[in-house]
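When a ligand or atom number is given, it counts from 1 through the structure's own listing order. Throughout, residue positions are numbered sequentially from 1 according to the sequence presented.
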Amino acid sequence: MRPFAFQRAEGLDHALQIAQPDGATAIAGGTNLLDLMKLQVETPETLVDINPAGMAAIEDDGEGVRLGALATNTATAVNPRIKRDYPVLSRAILAGATQQLRNKATNGGNLCQRTRCYYFTNIDQPCNKREPGSGCGALKGIARLHAVLGTSDQCIATYPGDMAVALSALDATVHIAGPAGERTVPVRDFHRLPGDTPWRDNVLEAGELITAITLPRPVKGKQIYRKVRERSSYAFALVSVAAIVAMDGDRIARADLAFGGLAHKPWYDPRIAEVLMGQVPDAALFDAAADVLLADARGFGENDFKIPLARRTLAAVLAEATGVDL
Ligand code: SF4
């Protein structure tokens, strides 16, 4: 690890002030950042500890719930209101990492975690995300964990998290503060596709910090988070599905679905709900929804299996949510 300076912020304003200069990186739980620093993928000149900035409350905001950016993943997952009204979020968080990591990891940091592409974390390998213009080792290399939707010829990495997939299904909002003031971004627009600028994971500008995530008023429906992975814990998703599905009689009245493990961002496609809503659920309908999801899917050899796996996982989740026996 390279030497770096360390500064502790005294509050949010101070954090925003000292996190401005080039070379300064904010640290909260550090569960991803410190690994990347040890690997020399991240080499900040100054680490700014933003933990004294507060922002750790989980509170009712009059409609839904406001999650402080510095609330830990554990505190969020076990919060009684989250477990009762947003169980898909609690389950998604608990499906990620380990108990020890969740105890340290924060909600803001979770959204900002970086891809686990093997070439990104190995500084001897080409990677356009780590070193723009150096190439993409994964395109013709080991790509088992990589994306099948929204890829570019610059990068085929996946966003690795679980929590943001549930937040996307829930249509949460990210609150941001920075040099130009405060702004909000729908979580569905927070992460980016790689395009020609794969080094940008999300829409945060230099010097901006996430301050909170707000969840809208809870909605009726069954909430499911299903994560398919190589082993039953401490593994990233090959495919995951977060679903909020409500029935009106024998027809689907609501179908908010988001997918992990498939793209550079949690994948949300409103056309899937359009296919499902108002219909009587059956295997053919679930197949039609998967056709929409996967119409533009493209594998890169080792990850070809993700395309049929996503189809089967979506069908399984919809069957569970609607009571259909496949
Ligand atoms: Fe880098 Fe993206 Fe290619 Fe991985 S997939 S090597 S992160 S450019």
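Closest to atom 3 (Fe) of ligand 1, if we only count protein heavy atoms, is C136 SG, 2.3 Å. Ranking protein heavy atoms by distance to atom 4 (Fe) of ligand 1, first place goes to C117 SG, 2.3 Å. For atom 6 (S) of ligand 1, the closest non-hydrogen atom of the protein is Y119 CB, 3.3 Å. For atom 1 (Fe) of ligand 1, the closest non-hydrogen atom of the protein is C127 SG, 2.3 Å.
For the residue pair N103 / Q100, no side-chain donor-acceptor distance below 3.5 Å is found, with atom types taken as modelled. Under the 3.5 Å distance criterion, with hydrogens and angles disregarded, no donor-acceptor pair is assigned to the side chains of D13 and Q17.
Taking 4.0 Å as the cut-off between side-chain N and carboxylate O, D201 and K265 do not count as a salt-bridged pair. Note on R2 versus E42: no salt bridge recorded, every NZ/NE/NH1/NH2 to OD/OE distance being 4.0 Å or above.
More than 12 heavy-atom neighbours from other residues, nucleotides or ligands sit within 6.0 angstrom of CZ on F305.
For Q154, every heavy-atom contact with ligand 1 shorter than 4.0 Å involves the backbone, none the side chain. At a heavy-atom cutoff of 4.0 Å, ligand 1 is contacted by both the backbone and the side chain of C155.
A heavy-atom separation below 4.0 Å is found between G137 and ligand 1.
Within ligand 1, the atoms closer than 4.0 Å to a non-hydrogen atom of N128 are 1 (Fe), 8 (S), numbered from 1 in the order shown. Listed by number with element, the atoms of ligand 1 under 4.0 angstrom from any heavy atom of A138 are 5 (S), 6 (S).
Looking at heavy atoms from C-beta onward, P281 lies in side-chain contact with M247 at the 4.5 angstrom threshold.
Minimum interatomic distance between A138 and A143 (heavy atoms only, all atoms of both residues): O-CB, 3.8 Å.
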